[in-house]
Amino acid sequence: MATADEPEPILRGQDVVREYRTGGQTVRALDGVDFAIRPAEFVAVVGPSGSGKSTLLNLLGLLDVPTSGRVELGGEDVSTFDQGRRTRTRKRDVGFIFQSYYLIPTLTALENVEVPRLLDRTPVETRERATELLERVGLGDRLDHAPDELSGGQKQRVATARALINDPNLLLADEPTGNLDRDTGDSILDLFDDLRTEQDVAVVTVTHDEYVADAADRVVRLIDGEVRG
Amino acid sequence: MRLLARLAGYVPTVVLARRNVSRASARSALAVVAVVIGVVAVGGVGLGGEAFTQNQLEAYDGFGGVATVSQLDYPDDGAAEPNGELSEQEVGRLRQAAGSAAVIPVVRPANDTVRTPDGEALFTVRVVSMSDPSRFYELRSGSFPASSSRAVVVGSRVAENNDLAVGDRVTVSTDSFARSFRVAGVLKGQGFSDPLSADRSVFVPVGQFDDPTYDEALVQVDAQDGSLDETVERVETEFNGRDRSVFVDRVSDQRDQRAETFEQINLFLLGLGAVSLLVAAVTITNTMLMSIAEREGELGVLRAVGYGTWAVLRLVVVEAALLGVAGVAVGVPLTLGIGAAVNHALLGDPLAFTATGLRYVALGAALGLGIAVFGGLYPAWRAATREPVEALE
Amino acid sequence: MSLRHRLGGSVPVLVAAVRNVSRAKLRSALAAAAILIGVVSIAVVGAGGEAFKSGQLQRVESQGATNVYVFPGPDREREYFTREDLAEIQETVGTTGVVATTTRDGQWHRRSDRSEQVSLNYVESAAALRAITPVARGELPSTWRRQAVVSARFASDHGLATGDRLRISTGDESVQTYRVVAVLSEPTGGVGSAEVYLPARALDDRQYDRARVLTGSADEAELTAALLREEFNERRDRLLVFELTSLLRLFTQVVNGINTFLVGIGAISLVVAGVAIANTMLMAVIRRREEIGVLRAVGYSRGAVVRILLAEAGLIGAAGATAGVVLALPAVMVANAAFLGDPLAFTPGAVGYLAAAFAFGVGISLLAGAYPAWRAANERPVDALRG
Ligand SMILES: Nc1ncnc2c1ncn2[C@@H]1O[C@H](COP(=O)(O)OP(=O)(O)O)[C@@H](O)[C@H]1O
Ligand SMILES: [Mg+2]
């Protein structure tokens with residue numbers, strides 16, 4: 001399956017099903033989805049609201065495990081991982097950009113970026129790295145601003161920098177350009193491109209934006225929990 | 001249900017408050033727990049203390065209509081303490097004055113020691129002698145010996161601390177004799193309030209003393225035959241005319257004094273327990289502050305649609321009061337349960353609640369409710385005085 | 001790169017806790033206040049009780065707990081000590097001082113027509129008297145013959161002063177006149193105290209009804225008593241030996257029991273304070289649900305989340321407990337001043353109670369924080385982040 005120009009996938013899913021049970025009802029959010037994410041790939045996930053996009057992203061980020069089917073990381077079934085191992089893997093390999101950013105209101109932009117590494121007791125290195133990342137996303141002059149002093153686009157970039165602080169192999173973004181103007185969106189896409197070419201980071205992004213989908217290597221269309229087209 | 005709903009319409013504040021309280025159930029539950037602990041602490045200490053008091057005062061039960069009469073050492077000295085002796089002749093005068101009342105002289109020999117057969121002296125044990133101790137005390141085991149026999153009755157502590165039982169022997173030595181006695185009986189426990197300290201005493205038959213000197217005498221009036229007050233009056237007239245020569249003390253007075261001391265101790269303990277209600281008040285304040293912070297927008301809307309400051313204030317205070325009511329509703333039955341257990345253990349009757357004890361429970365309940373309202377005042381004031389525009393931002 | 005930042009980086013959990021606690025200032029302050037009240041009530045009751053106990057113990061000790069009291073035993077042929085007996089006792093206890101005394105009831109002939117009973121204590125020498133009782137006013141004579149020393153109570157009750165004369169008789173003997181040369185200082189309570197002290201040479205028979213062995217401490221007294229019992233009472237009870245140590249022990253035990261009971265009632269308020277902390281932390285984790293979800297998503301382990309939240313609870317507890325101990329100190333100092341005469345006379349027991357109150361305050365906070373922390377750490381990040 002893997003050819004010379006198609007390297008081994010970082011993450012692979014086979015017949016992945018995810019059901020939610022709420023109040024006697026069972027909702028099948030993903031209904032037998034197959035996927036493979038390779039290094040440096042840029043995948044866009046599109047679909048109507050409620051079609052299972054976020055659910056898929058959570059599975060990719062090891063925040064969740066499938067009800068049935070397999071999600072493999074380096075050939076291993078992640079559902080055999082215990083909590084601790086999932087957590088460590090997430091920390092090492094995955095970066096998240098959440099739809100509503102979830103920045104911590106009491107921390108400055110810089111400190112927010114540092115959060116994932118705060119417990120590592122390497123304050124000096126962490127600070128250097130966070131500063132570098134914020135400069136890279138164009139916020140070098142906003143290091144000490146609190147989240148409520150930043151615009152939507154700036155918050156988004158802080159969230160992006162935070163996702164990158166642990167040098168992930170896989171960057172997951174839930175509608176990263178959703179509320180942004182075209183120029184800001186462009187700069188985010190440029191950043192993704194840089195990450196892929198320079199560090200082989202794979203990027204998976206949920207989007208409603210056709211413009212983003214056009215920039216992707218591959219588009220996964222979800223409808224009612226199934227991949228179409 | 002329909003009726004309930006209609007009734008509820010008349011107390012909208014309470015209805016709103018109740019909904020809010022149950023909205024943050026964990027938080028409210030914890031606040032209620034705090035009140036419960038406080039209510040139980042106050043009520044439980046009160047009931048427990050009362051049960052203990054009753055248990056101690058039981059020692060006086062057999063001493064109804066009894067007064068003690070003792071000789072004053074310095075008849076002309078105002079600050080005299082009773083520690084003289086009553087002569088045979090004085091006892092005679094006493095009998096005369098007491099009329100139909102029984103006079104029971106008590107001997108407390110000097111230099112008294114009680115020893116086990118292997119010569120070990122029993123610590124803190126006093127030798128007492130009086131005719132017919134069965135008048136005042138019941139036995140746990142054995143029987144009261146005849147006045148002439150070589151046998152003693154021992155108090156409960158004496159028996160327990162020294163492993164004495166009926167049939168054992170002890171040596172009693174006093175100024176006038178040193179003899180070996182058989183233990184004929186062991187008294188029931190009387191508690192430390194007993195007028196003769198029976199628990200720590202060894203009762204020797206009076207017949208053992210050839211020439212007894214009496215340290216005090218008990219005067220007992222049978223309720224049918226007359227009143228203790230009159231008898232005491234006659235004794236006072238006989239002995240304490242110009243010079244005071246005897247000290248007459250009604251056992252009921254001693255009992256009242258004891259009861260008062262116990263009540264004071266109980267109040268102190270109650271105060272200490274009430275500190276926990278103070279902490280509960282802080283908890284209520286905290287809970288209500290969180291509650292109003294969470295509902296800032298909502299409260300702003302209420303203000304915007306025309307609720308006055310007073311209405312919002314009332315809403316929040318009622319919410320706090322509800323926490324108090326819940327705390328009391330749980331705390332009072334719990335307290336009564338604990339009280340019943342203590343009553344059962346100390347008094348043998350789970351329902352032996354006294355009016356004073358129940359008053360302490362009521363006090364705990366009132367305090368619980370009071371501190372809940374008090375704790376809600378500041379948050380209510382804060383919520384009520386907030387500008388609606390600000391709250392709705 | 002500031003030093004503070006570097007230092008903070010080495011205790012990240014603490015830094016995060018400080019920041020979060022100060023985020024909800026009023027809420028945290030109230031929870032700390034609850035702990036404070038509980039800690040104050042434990043510390044004041046416990047340490048105050050200790051001061052009371054020590055004060056009482058000191059008083060008892062000053063009234064003779066370092067003495068061993070020796071009386072003629074029931075198995076002796078004589079009911080008094082002779083000088084030979086005393087020498088034998090002295091030999092047993094070695095260099096420790098032995099003071100023999102005789103108590104008698106005497107008649108004080110105040111006026112020719114009237115006499116009063118008075119308790120007398122005959123002592124061997126002025127030095128011996130000084131060893132058993134402090135003298136407040138007057139000089140003791142080096143050769144003691146016709147002089148009397150009176151207790152402070154006796155002197156004040158009867159308006160006696162040094163220089164006054166006392167006419168005293170015992171039993172069938174004739175009346176002797178003594179001059180009051182000194183007054184003892186209060187308190188002169190304790191075993192074997194009397195109203196009037198006279199020289200032993202005034203006794204015609206030189207029979208002593210008791211002796212006391214003066215040791216340096218209550219412990220030494222206990223040892224000495226054991227030694228005497230062993231030496232004299234092996235087969236027959238030739239001596240009755242008493243020391244107050246066992247009485248002291250009983251007293252200590254009773255007071256400790258009462259104190260523990262009171263502290264227990266005080267501790268109820270600390271339990272309520274624990275409830276306040278639990279409430280505060282529960283609010284904190286509900287408020288910061290998403291934030292904690294993010295932490296979990298970016299790779300914080302459950303343990304790390306628990307640690308951060310426990311540090312918060314512990315911090316609130318420590319703040320309250322510290323303030324509580326500081327507030328309790330003046331009250332304890334008042335108790336020290338009242339019972340021990342020195343506000344700074346903190347006994348080890350009192351310090352123990354202060355430390356225990358602090359530890360209990362912090363401990364209960366951690367315990368109360370455990371459930372909210374556990375709950376927050378176990379929420380699945382996916383759920384927390386679902387908006
Ligand atoms: N934790 C959950 N509990 C119950 N149902 C859920 C949960 N998460 C998602 N769902 C349901 O699963 C379906 C897919 O949701 P989601 O993946 O969030 O869709 P999208 O992100 O594409 O809008 C929806 O019907 C949603 O209601
Ligand atoms: Mg979604």
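In what follows, every heavy atom counts, from backbone to side chain, and hydrogens, waters and symmetry copies are set aside. Letters go in sequence order (proteins before strands), and every chain restarts at 1.
Neither the backbone nor the side chain of C:V40 has a heavy atom closer than 4.5 Å to any heavy atom of chain B. With a 4.5 Å cut-off on non-hydrogen atoms, B:L289 touches chain C through its side chain but not through its backbone. For B:V45, the part lying near chain C is the side chain, with the backbone staying farther off; criterion is any non-hydrogen pair under 4.5 Å. For C:L36, no part lies near chain B; criterion is any non-hydrogen pair under 4.5 Å. Contacts between C:A29 and chain B at a heavy-atom distance below 4.5 Å are absent for every atom of the residue. For C:L262, the parts lying near chain B are the backbone and the side chain together; criterion is any non-hydrogen pair under 4.5 Å.
Note: C:R27 CZ to C:I316 CD1 = 8.5 Å, rounded to the nearest 0.5 Å. Of the inter-residue distances, the one linking B:R386 atom CZ with B:E296 atom CD reads 4.0 Å to the nearest 0.5 angstrom.
Across B:V33, B:T287, B:N286, B:I284, a single residue satisfies side-chain contact (heavy atoms from CB on, under 4.5 Å) together with C:N279, and that is B:T287.
Atom CZ of B:R295 is surrounded by more than 12 heavy atoms from other residues, nucleotides or ligands within 6.0 Å. Within 6.0 Å of CD on C:E230 lie no more than 12 heavy atoms contributed by other residues, nucleotides or ligands. Within a 6.0 Å sphere centred on CZ of C:F251, other residues, nucleotides and ligands contribute more than 12 heavy atoms.
Options C:I277, C:V272, C:I268 differ in how many heavy-atom pairs under 4.5 Å they form with chain B, and the most are formed by C:V272. Of the residues considered (B:L272, B:V36, B:L277), B:L272 shows the highest number of contacts with chain C, using heavy-atom pairs under 4.5 Å.
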